Amino acid sequence: METFRAPIGTHDVPPPASAWWEDALGRFAGLARRSGFGLLISPLFEDVAVFDRGIGATSDVATKEMYVFTDRGGRQLALRPEGTASVVRAFVQHRPPTPWKVWYATPAFRYERPQAGRYRQHHQVGVEALGSADPALDVEVIALAARFYEALGLRQVRLLVNSMGHPECRGAYVALLAQYLGAHATELCEEHRERAQENPLRVLDCKRPACVAVTERGPQLPDHLCEECRDHFATVREGLASLGLDTTLAPRLVRGFDYYTRTTFEFVSDALASAQNAIGGGGRYDGLAEQLGGPPTPGVGFGSGLERLRLAWEAEGAGDPAADPRADVFVVDTTGGQRATTLADALRRAGLVVERAYDQRSMKAQMRLADRSGAAVAVLVGPQELAADSVTIRDLRGAVEGAQVSVPASDVVAAVRERVTER
RNA sequence: GUGGGCGUAGCUCAGUUGGCUAGAGCGCCAGGUUGUGGUCCUGGAGGUCGCGGGUUCGACCCCCGUCGCUCACCCCA
């Protein structure tokens with residue numbers, strides 16, 4: 001019989017490890033809600049042009065990493081490779097009142113070779129805020145990410161910031177950079193020797209020593225911003241500082257999507273040894289709504305990868321490994337299981353976490369399962385209890401471990417609750 | 001796309017210079033216990049040694065191919 005595996009680059013998160021995901025998603029939802037972000041549900045796939053025009057048709061992600069397919073109606077669609085473009089598409093489609101603040105949790109798909117902290121399907125949480133250019137919104141978005149990491153117990157996180165200016169001052173800088181790179185073309189790495197003029201900003205991102213040596217001595221983005229962009233960036237940094245959030249200026253941080261303007265930022269985990277140490281990132285994208293056919297609308301947001309957060313969390317030893325969800329009570333029934341069905345239902349309706357055995361197992365086997373379930377008490381039903389319409393409640397843990405008492409079946413919820421809340 | 005490492009039980013792994021019915025721990029199941037868990041003792045189930053081909057009297061071991069996992073480059077979460 002042929003066996004199947006999850007497709008290359010994808011993975012399952014079975015329990016108990018998935019408990020961490022539930023916890024992280026819950027914390028993120030709470031933080032977002034308290035900051036006035038509402039949940040946006042949107043399709044996993046879009047017209048491929050949403051991403052081409054959104055993240056930039058020349059970007060690596062758009063050119064060679066997208067899962068593109070043609071549906072039965074001949075439409076060219078793509079699985080979302082990142083979160084922002086879809087959100088802005090939804091904004092343009094619905095034209096909600098601004099500021100429009102939404103959060104999301106979504107898988108993202110990129111066709112690339114998997115390695116540590118990199119998958120073909122990964123999962124992101126993020127927020128987007130459209131309709132305001134106020135630097136206070138940049139601060140709010142970045143702070144939300146920082147508070148999320150704190151809430152997960154992460155400590156070894158650094159915040160890198162940069163500003164890419166708006167199209168005009170960046171244009172002037174890019175021209176300057178192109179000229180500089182042209183003069184030093186022979187010193188660049190092999191890949192960029194030819195291609196530097198196509199997209200000069202990309203060279204800033206290159207980690208090869210040859211390129212780094214050239215770009216770190218060349219013109220720096222933050223030094224060439226117009227006055228407005230310079231002020232905006234300064235206000236963002238001051239705002240972050242006022243919240244106790246330290247920033248590291250990263251003048252060559254440009255990130256891989258073309259839509260960014262002004263503020264860009266990246267959170268890196270110093271606990272991750274691999275090259276994939278960015279646990280979250282984002283920035284401003286003041287021209288993106290217009291790119292997608294909407295009115296000129298400023299926007300800012302971030303996305304964070306759950307798989308990498310989990311890796312960072314593990315690397316930091318930030319918490320206990322996910323434990324099995326503990327049961328409150330385990331129902332043992334040696335009379336066939338019908339009583340277990342009704343007792344479990346009653347106890348669950350009372351809000352307790354209830355487990356039971358199946359397949360008419362022996363008393364010993366059921367008690368062993370009860371013990372391993374972590375339940376504080378076992379509710380036992382045998383022929384005697386069945387005849388008397390009672391149950392035996394046995395304490396499995398704590399000071400009174402092993403003690404047991406018989407109660408009428410009608411009192412089971414109260415009797416169990418009393419013992420469970422005690423622990 | 002390119003390169004390195006690795007594929008033996010559900011999991012983590014041993015397996016000698018190629019040589020007997022391929023092992024251990026954990027987990028799982030049963031018994032020791034005339035209704036009662038953990039610790040302990042005993043027993044049991046479970047493996048086409050990733051797959052295909054080759055060398056050999058003989059392959060888990062050597063060779064080739066292939067698939068998968070993993071790490072790295074590029075880029076990103």
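Owing to the predicted nature of the structure, the values given are computational and were not obtained by experimental measurement. The chains referred to below are lettered A, B, ... by the order of the sequence lines, with proteins before strands, and numbering in each begins at 1.
For the 3.5 Å distance criterion, the side chains of A:Thr341 and A:Arg356 qualify, holding a donor opposite an acceptor. At a cut-off of 3.5 Å, with distance as the only test, no side-chain donor of A:Ser86 or A:Tyr104 sits close to an acceptor on the other residue. The closest side-chain donor-acceptor pair between A:Tyr285 and A:Gln291, if any, does not fall under 3.5 angstrom. A donor and an acceptor atom, one from each side chain of A:Gln366 and A:Thr334, are nowhere located under 3.5 Å apart.
Residue-level contact check: A:Glu385 touches the bases, meaning some heavy atom is under 4.0 Å from a base atom. Residue contacts for A:Gln366: at a heavy-atom cut-off of 4.0 Å it reaches no nucleic acid atom on any strand shown. In this structure, A:Val381 reaches the bases: a heavy-atom distance under 4.0 Å links it to at least one base atom across the strands shown. Nucleic acid contact for A:Gly126: none, since no nucleic acid atom lies under 4.0 Å from a heavy atom of the residue. No engagement by A:Glu82 is indicated, since no non-hydrogen atom pair under 4.0 Å with the nucleic acid exists. Counting any heavy atom pair closer than 4.0 Å across all strands shown, A:Gln115 reaches a base atom. Residue A:Ala116 is in sugar-phosphate contact alone, with no base atom involved, counting any heavy-atom pair closer than 4.0 Å across all strands shown. The residue A:Leu396 sits close to a base: some heavy atom pair falls under 4.0 Å. Within the 4.0 angstrom heavy-atom criterion, base atoms lie near A:Gly382.
Under a 4.0 Å N-O distance rule, the pair A:Lys101/A:Glu140 qualifies as a salt bridge. Ion pair A:Asp270/A:Arg158 flagged as a salt bridge, since at least one NZ, NE, NH1 or NH2 atom sits closer than 4.0 Å to an Asp/Glu carboxylate oxygen. A salt bridge is absent between A:Glu307 and A:Arg310; no separation between the charged side-chain nitrogens and carboxylate oxygens falls under 4.0 Å.
Rounded to a whole angstrom, the distance from the C1' atom of B:C75 to that of B:U17 is 48 Å. Taking atom P on both nucleotides, B:U39 is separated from B:C26 by 11 Å, rounded to a whole Å. Atom P of B:G7 sits at a distance of 14 Å from the matching atom of B:C51, rounded to the whole Å. Comparing B:U16 with B:C62, their C1' atoms sit 16 Å apart, to the nearest whole Å. Taking atom C1' in both B:G5 and B:A9, the straight-line distance is 24 Å, to the nearest Å. Rounded to a whole angstrom, the distance from the C1' atom of B:C6 to that of B:C61 is 15 Å. Across the P atoms, B:A59 and B:G18 are found 13 Å apart, a figure rounded to whole Å. Going from the C1' atom of B:A14 to that of B:G47 covers 15 Å, rounded to whole Å.
You can call A:His122 stacked on the base of B:A77; the centres are under 5.5 Å apart and the planes sit within 30°.
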Can you give me the N/O atom pairs linking the protein to nucleotides 26-29 of chain B at distances under 3.5 Å, or say none if there are none?
{"unit_1": "B:C28", "atom_1": "OP1", "unit_2": "A:Arg372", "atom_2": "NH1", "d": "2.5"}
{"unit_1": "B:C28", "atom_1": "OP2", "unit_2": "A:Arg372", "atom_2": "NH1", "d": "2.6"}
{"unit_1": "B:C29", "atom_1": "OP1", "unit_2": "A:Arg361", "atom_2": "NH2", "d": "2.6"}
{"unit_1": "B:C29", "atom_1": "O3'", "unit_2": "A:Arg361", "atom_2": "NH1", "d": "3.4"}

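Within 6.0 Å of the OH atom in A:Tyr111, the count of heavy atoms belonging to other residues, nucleotides or ligands does not exceed 12. A:Asp246 CG: 12 or fewer foreign heavy atoms inside a 6.0 Å radius.
Residue order along RNA chain B, read from the 5' end via each residue's closest nucleotide, puts A:Pro7 first among A:Pro7 and A:Gly305. Of the two residues contacting RNA chain B, namely A:Gly117 and A:Gln404, the nearest-nucleotide position lying further toward the 5' end is that of A:Gln404.
Nucleotide B:U36 holds its P atom 19 Å from the CZ atom of A:Arg397, rounded to whole Å. Computed from coordinates, the A:Leu386 CG to B:G35 P distance equals 17 Å when rounded to whole Å. Rounded to whole angstrom, the span from the CE atom of A:Met66 across to the P atom of B:A77 amounts to 15 Å. Taking atom CZ on A:Arg308 and atom P on B:A77, their separation rounds to 8 Å, with Å as the unit. Taking atom CG of A:Leu306 as the reference point, atom C1' of B:A77 lies 9 Å away to the nearest angstrom. Distance, A:Lys364 NZ to B:U39 P: 11 Å, rounded to whole Å. Rounded to an integer number of Å, the gap from A:Asn277 CG to B:C71 C1' is 16 Å. At whole-Å resolution of the value, CZ in A:Arg120 and P in B:C75 are 18 Å apart.
Pairs engaging residues 173-182 of chain A under the side chain to side chain donor-acceptor pair (under 3.5 Å) rule: none recorded [sequence neighbours left out].
Of the listed nucleotides (B:A77, B:G37, B:G35), B:G35 has the atom at the smallest distance from the side chain of A:Thr334. Comparing B:C69, B:C75, B:G37 by their closest approach to the side chain of A:Ile8 singles out B:C69. The nucleotide whose nearest atom lies closest to any side-chain atom of A:Ser362 is, among B:A77, B:C74, B:G31, B:G31.
For B:A77, the base has no donor-acceptor partner in the side chain of A:Glu65 [N/O atoms by modelled type, under 3.5 angstrom].
A cation-pi geometry, defined here as NZ or CZ lying under 6.0 Å from the six-membered ring centre and within 45° of its normal, does not hold between A:Arg262 and A:Phe233.
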As a check on the pairing definition, encode RNA chain B in dot-bracket form, counting Watson-Crick and G-U wobble pairs whose two distances are under 3.5 Å, and using | for partners outside this strand.
(((((((..((((.....[...)))).(((((.......))))).....(((((..]....))))))))))))....

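The only member of A:Gln124, A:Arg89, A:Glu128 that meets side chain to side chain donor-acceptor pair (under 3.5 Å) when paired with A:Thr84 is A:Glu128.
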